[in-house]
Each structure stands twice: as C-alpha cells, then as structure tokens.
Chemist: 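Sending over a structure as structure tokens; questions will come in a sec.
Whatever order the structure lists them in is the order used to number ligands and atoms, beginning at 1. Just so you know, these numbers use all the heavy atoms, side chains as well, and skip hydrogens, waters and symmetry mates. Note that the numbering runs from 1 along the sequence shown for the chain.
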Amino acid sequence: MANTAPLFTTYSRTPLRFERGEGVWLFDEKGARYLDFAAGIAVNSLGHAHPHLVAALTGQAQKLWHLSNLYEIPGQERLAERLVAATFADSVFFTNSGAEALECAIKTARRHFYVNGQPERVRIITMEGAFHGRTLATIAAGGQAKYLEGFGPKAVGFDQVPFGDIEALTAALDDTAAAVLIEPVQGEGGIRPLDPDVLRQIRALCDDHGVLLILDEVQSGIGRTGRLFAHEWAGITPDLMAIAKGIGGGFPLGACLATDAAADGMTPGTHGTTFGGNPLAMAVGNAVLDVVLADGFLDQVQTTGNALSQGLLSLKERYPGLIADIRGTGLMLGIRCVGNNGEMVQAFRNESLLTVPAGDNVVRLLPPLTVTAEEARDALRRMEAALEMIAPMAKTN
Ligand SMILES: *Cc1c(COP(=O)(O)O)cnc(C)c1O
C-alpha cells in the first residue's frame, strides 16, 4: 500500500517504523528487534542511545542550544583542537552535513589559488563511482548522470577520471587544476578501496603539479576502517578533508579540516553557516571522540572487523553462486553479489538484519563501531540463514 504522507517522494522507503534503539539493536513499533548493520549509513558510530552521548546531549540541552558564530563557542575550540591534534590539520570549519563539509573544502581549495595569484586554477578532479553529496556542486563533483539529470547545467569546474587511473589523472592535472578530490574507500560506489599504493602516487602527483589533495572521509572516517581515518593506512596526508557521518554519532555534524597553507584564503567574511558548530553538535562530537580516541577502541574495531570479514569469506566459499567478492577494511565491509544486491538486502532483512545496498551490486555492512564479537557472529548466522533461503532460487535462475 502506497504511503500517502505529505512528504516529497524522493525516497523509496522500506515499510519499517522504528521507535527506539539500544546499541546495535533497533526496535519497531510492535517491539520486534533488528540487528542494525546499517547504522544510519555509517552515522550511528557508537550505536543507538549510547549513554555517554545521551548524557553529553541532554547536559548541553539544559544549558545552551544555539549561538551565532558571531560569538566564541568553547565546544568548537575544544573539538577543533582535538581533531587538529589527531590529524594532519591545522584548523577546522564546522558544518551540519557531509555535502556542506565538501562545499567548504572545494571553496577553500579554489580560494587558496585565488589569493596566491592563480585564479585560473578552479578545476576539481574526481573519480568515477564517487559520491560527494547532493548539493549542486557536489552532484557535479560526483559526476553521476542519475543525480545530475534535470537539475540544470552541471556546475562548471568538475572533471572525472576512471577509478584509480593514474595516467588519466596525470593528463587532467594541467594548470587550471586546483585539487584532486577522492574517497580513500568509495562508500556509495560499493566499498571500493583505492589501493594504498595508488593513493601514495596520487599524493606525489598532486605535489608535483602544485595541486591540493582533498579527501572525502565522510563515510570512511572516525574509526570506520579501524584507523581514525582511512588514509592513515596509506601513510599519506591530504591538504583538506571533509568529514561528517560518524563524528556526530547521529547528531547532524560535519567538518572541513585543513592545513594552514591550504586555508590561507579563508579570511573573515569568506564563508559562514548559521547552524554549523552549534553547541549541541559540539557536545556530541566531543563525546564521540572521548570514546573513539580511548585506548584500544580502534584496535577493537580492527579485531571485530577482521572476524566479520573472515566469516564473510567463509560464506563466500560456501555460496559462490550468491557472493562474488568480499571487500573493505575494519567495519566498512561490502559483499558483491552475483545476483541482485537489493534481493540480498531484503533476504537479510527477513532475518531481522539491516544492511545497505551500494553501487557495483554491493551490500554494505556498516555496524556501529561498538559492535561486539558475539553480535558480529549473530549477524553472520542471520546472513547464513538468509543465503540458505535464497540459494535454491539462485540455482534455478
Ligand atoms: C554521505 C556522504 C556524503 C554526503 O553527506 P551528507 O551528510 O548526506 O551531505 C559525502 N561523501 C560521502 C563519501 C558520503 O558517504
């Protein structure tokens, strides 16, 4: 039955209505329990209703909700100091979403060349399969026809090269290029990790051509791959980085991180936001870091991720007619399907396990980073039961 609620019909929603959550579990209106390996698409990094986040948010709610960026906001200073201490960055601009964090990174890159006497350097080079958000600039950056169609002329200054194609990238880096913008692991594109060696080559290319490197770690950041940021696996650092999703743990929060050199054009009045850096968001962001930066937390993500990945590989061996490939790192894992990925998501949902479809016929597993080994085994058992259900159907196709 079609839902006739007065909402834009932009989402094809699954008819499930959740009422509350606890850790990796979601409970629907009838009290039925689902294992949440979607986590709001890598947003609920610490699961649902994490006591430390609840305390941080409600504590702040009793003091002060909103302040204009006309005033100093101590929560912003503290969160920025901690992000700077933990990364390549020298400074941070807070936003409400991933797309806004990317808009800030793109503006910062162009403005850098503008103030350094190279205003013609405006082009941003991205990779096929990318996803950078749904604003007019970020759909141009993502370059996907299905997101651009019907929304007027594509914003100028965005060009794409095939995924991981160093030769094409080199050719694209002429003296009108400002930045290379990439996801170290494509999320919506289907958990496609860029080879660490290729990432190192891209960093070197950017240096050789005087071009900035912008990383989109909106999905892969904040511990998702078992390091604080996915680019750490390659041992490189970017000039600019967009983050969001996991840093807010479910509260809308994004950020653009920059080196001082890259952000030299972002002088007073050049950029702004009403809600970005709101005290409620800052309280939650700081609380998320309390947990993620605690000793041993990221090691635990790696351990649980490895166990989950091993379990998936053995499912792949047993169901070669259903699973083509397992990919990803930490708790950012993908199952590339032989058949339709939507059907596999549905089969998992029938076992009360929530996952997310992605490009390249992939089912994404993005559980809360707090998932335990036992909960991971529970998910594997549910997946096995689902695969057992659809295996006979796959054979007759
Ligand atoms: C989700 C996502 C975005 C967009 O974030 P919004 O908060 O939806 O604007 C951008 N880049 C990547 C890699 C993402 O996963």
Chemist: For Thr329 and Trp233, does a side-chain donor sit closer than 3.5 Å to a side-chain acceptor?
Modeler: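 Thr329 vs Trp233: no donor-acceptor pair found between side chains.
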Chemist: Is there a salt bridge (charged side-chain N to carboxylate O under 4.0 Å, His left out) between Arg381 and Glu374 once you walk through the steps?
Modeler: CA-CA 11 Å; Arg381 281 192 294 271; Glu374 177 45 37; 3.0 Å; yes
Chemist: Nearest non-hydrogen contact with atom 4 (C) of ligand 1 belongs to which option: Ala101, Ala42, Ser97, Gly133?
Modeler: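 Among Ala101, Ala42, Ser97, Gly133, the closest heavy atom to atom 4 (C) of ligand 1 comes from Gly133.
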Chemist: So which atom in Val362 and which in Arg327 form the shortest heavy-atom distance, rounded to 0.1 Å?
Modeler: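 Closest approach of Val362 to Arg327, heavy atoms only: CG2-NH2, 3.5 Å.
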Chemist: Any N or O of Glu183 that comes nearer than 3.5 Å to an N or O of ligand 1?
Modeler: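 For ligand 1, there is no N or O atom that lies under 3.5 Å from one belonging to Glu183.
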Chemist: For Asn69 and Gln76, test the side chains for any donor-to-acceptor distance below 3.5 angstrom and give the result as yes or no.
Modeler: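 There is such a pair (donor and acceptor under 3.5 Å, judged by atom type) between the side chains of Asn69 and Gln76.
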Chemist: For ligand 1, is there an N or O atom under 3.5 Å from any N or O atom of Ala99?
Modeler: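 Yes, since at least one N or O of Ala99 sits under 3.5 Å from an N or O of ligand 1.
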Chemist: Would one find an N or O of Ala244, backbone or side chain, under 3.5 Å from an N or O of ligand 1?
Modeler: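 No - when backbone and side-chain N and O of Ala244 are compared with those of ligand 1, no distance drops under 3.5 Å.
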Chemist: Counting both backbone and side chain atoms, is some N or O of Glu100 under 3.5 Å from an N or O of ligand 1?
Modeler: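 Such a contact does not occur with ligand 1.
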Chemist: Does some non-hydrogen atom of Thr135 fall short of 4.0 Å from ligand 1?
Modeler: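 Contact absent.
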Chemist: Using a strict threshold of under 4.0 Å (side-chain N to carboxylate O), is an ion pair present between Arg364 and Glu188?
Modeler: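 Yes, Glu188 and Arg364 are salt-bridged.
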Chemist: Does any N/O atom on His132 come nearer than 3.5 Å to any N/O atom on ligand 1?
Modeler: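 N/O-N/O distance below 3.5 Å does not exist for this pair.
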